[in-house]
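Have a look at the structure below, then the notes.
No hydrogens, no waters, no symmetry mates; every other heavy atom, side chains included, goes into these values. Below, chain A is the first sequence line, B the second, and so on; all start at residue 1.
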Number of protein chains: 2
Amino acid sequence: MMEAEIFKALADPTRRAIFEKLADGRMNASSLRDGMDISQPAMSQHLAVLCQAKLVRQERQGRFVNYEVDPDGLALIAGWLAKYRAYWPARIDALKTLLKDMDQ
Amino acid sequence: MMEAEIFKALADPTRRAIFEKLADGRMNASSLRDGMDISQPAMSQHLAVLCQAKLVRQERQGRFVNYEVDPDGLALIAGWLAKYRAYWPARIDALKTLLKDMDQ
DNA sequence: ACAACAGATAAGCACACACTTATGTATTGC
DNA sequence: GCAATACATAAGTGTGTGCTTATCTGTTGT
């Protein structure tokens, strides 16, 4: 199961912060670092974990590697969440917005 | 943030299995155990983690404690997911179904 | 009251994980 | 070619986590 990798990846606050930063737009590893007080190897390791969880994907661009949010990971979480729709509260505004967007 | 507790709770495969079992209906700790090859203290500890993450809630019933899925936790995940709706793939069947449910 | 039962808590242990420093591998510009 | 840059990997270390056994609390039935 890849759920294991996804939830493990998101269990770390630093990785969630990285993911959140990437949600603002694609970025290379160095740009991700500034303002984050994290060593270069640590960043590299975190990005590897996020990639393996399919939350982030990479694209080499010469000497740089650009990282961006991978929709596959989000879809997997959505799929997991959907299994428990019987227990959803009647109204979740955030989700209603989300789902309306998808319905066009 | 409670996202930390939620994702940490779901990062463990045993806890996800417990949660999945609870999704089929409320159950006490002993009933949850059978067929799971897990010690009584381990189950108790896992349930405590799930409760603190608001994924599960408990209700004492005499000598037993019944556990059930807590919608609050699912709502928190949905809220987290909604923040990244810009990156969702165009079609996710599971969520389209969900949308139809909510539109009624 | 007391034994049986349901569950929580305590303490200890083995392993996973996030970090570090050091080094390796590509790619770019001079 | 060669130094500098961007990033990955290796190896070691401290802490967190999930398990265990042992014990404790609280409830039920006799």
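Comparing the local axis fitted to the first five base pairs of the helix from dA1(C)-dT30(D) to dC30(C)-dG1(D) with the one fitted to its last five gives a bend of 30°, rounded to 10°.
Identified under the salt bridge (charged side-chain N to carboxylate O under 4.0 Å, His left out) test for residues 27-46 of chain A, with sequence neighbours left out: none. Contacts classified as side-chain hydrogen bond (donor to acceptor under 3.5 Å, both in side chains) and involving residues 42-54 of chain A (residues at least two apart or in different chains) are given here: R15(A)-H46(A). Residue pairs satisfying the ring-ring contact (aromatic ring centres under 6.0 Å, His included) criterion with at least one member in residues 48-68 of chain B, sequence neighbours excluded, are absent.
With sequence neighbours left out, A42(A) forms a side chain to side chain contact (heavy atoms under 4.5 Å, CB included) with I38(A), S39(A). For Y84(A), the side chain to side chain contact (heavy atoms under 4.5 Å, CB included) partners at least two apart in sequence or on another chain are W80(A), F19(B), E20(B), A23(B), L74(B). Annotation: salt bridge (charged side-chain N to carboxylate O under 4.0 Å, His left out) contacts of R26(A) (sequence neighbours excluded): E59(A), E68(A). With sequence neighbours left out, the side chain to side chain contact (heavy atoms under 4.5 Å, CB included) criterion links S31(A) to M27(A), N28(A). Scored by the side chain to side chain donor-acceptor pair (under 3.5 Å) test, D72(B) finds no partners at all (sequence neighbours excluded). Partners of L76(B) by side chain to side chain contact (heavy atoms under 4.5 Å, CB included), not counting sequence neighbours, listed by chain and number: M2(B), I6(B).
Contacts of residues 24-32 of chain A with DNA chain D (heavy atom under 4.0 Å): N28(A), A29(A), S30(A).
One finds no side-chain N or O of S44(A) lying less than 4.0 angstrom from the OP1 or OP2 phosphate oxygen of dA6(D).
Contact check on K8(B) versus E3(B) returns no salt bridge, with no Lys/Arg side-chain nitrogen under 4.0 Å from an Asp/Glu carboxylate oxygen.
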Quick tally for nucleotides 21-28 of chain C: nucleotides whose base has a protein heavy atom under 4.0 Å get B, sugar-phosphate-only ones S, the rest -, giving BB----BS

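Nucleic acid contact class of R33(B) (heavy atoms, under 4.0 Å, all strands): none.
Atom CZ in R15(B) sits roughly 8 Å away from atom C1' in dG18(D) (whole-Å rounding).
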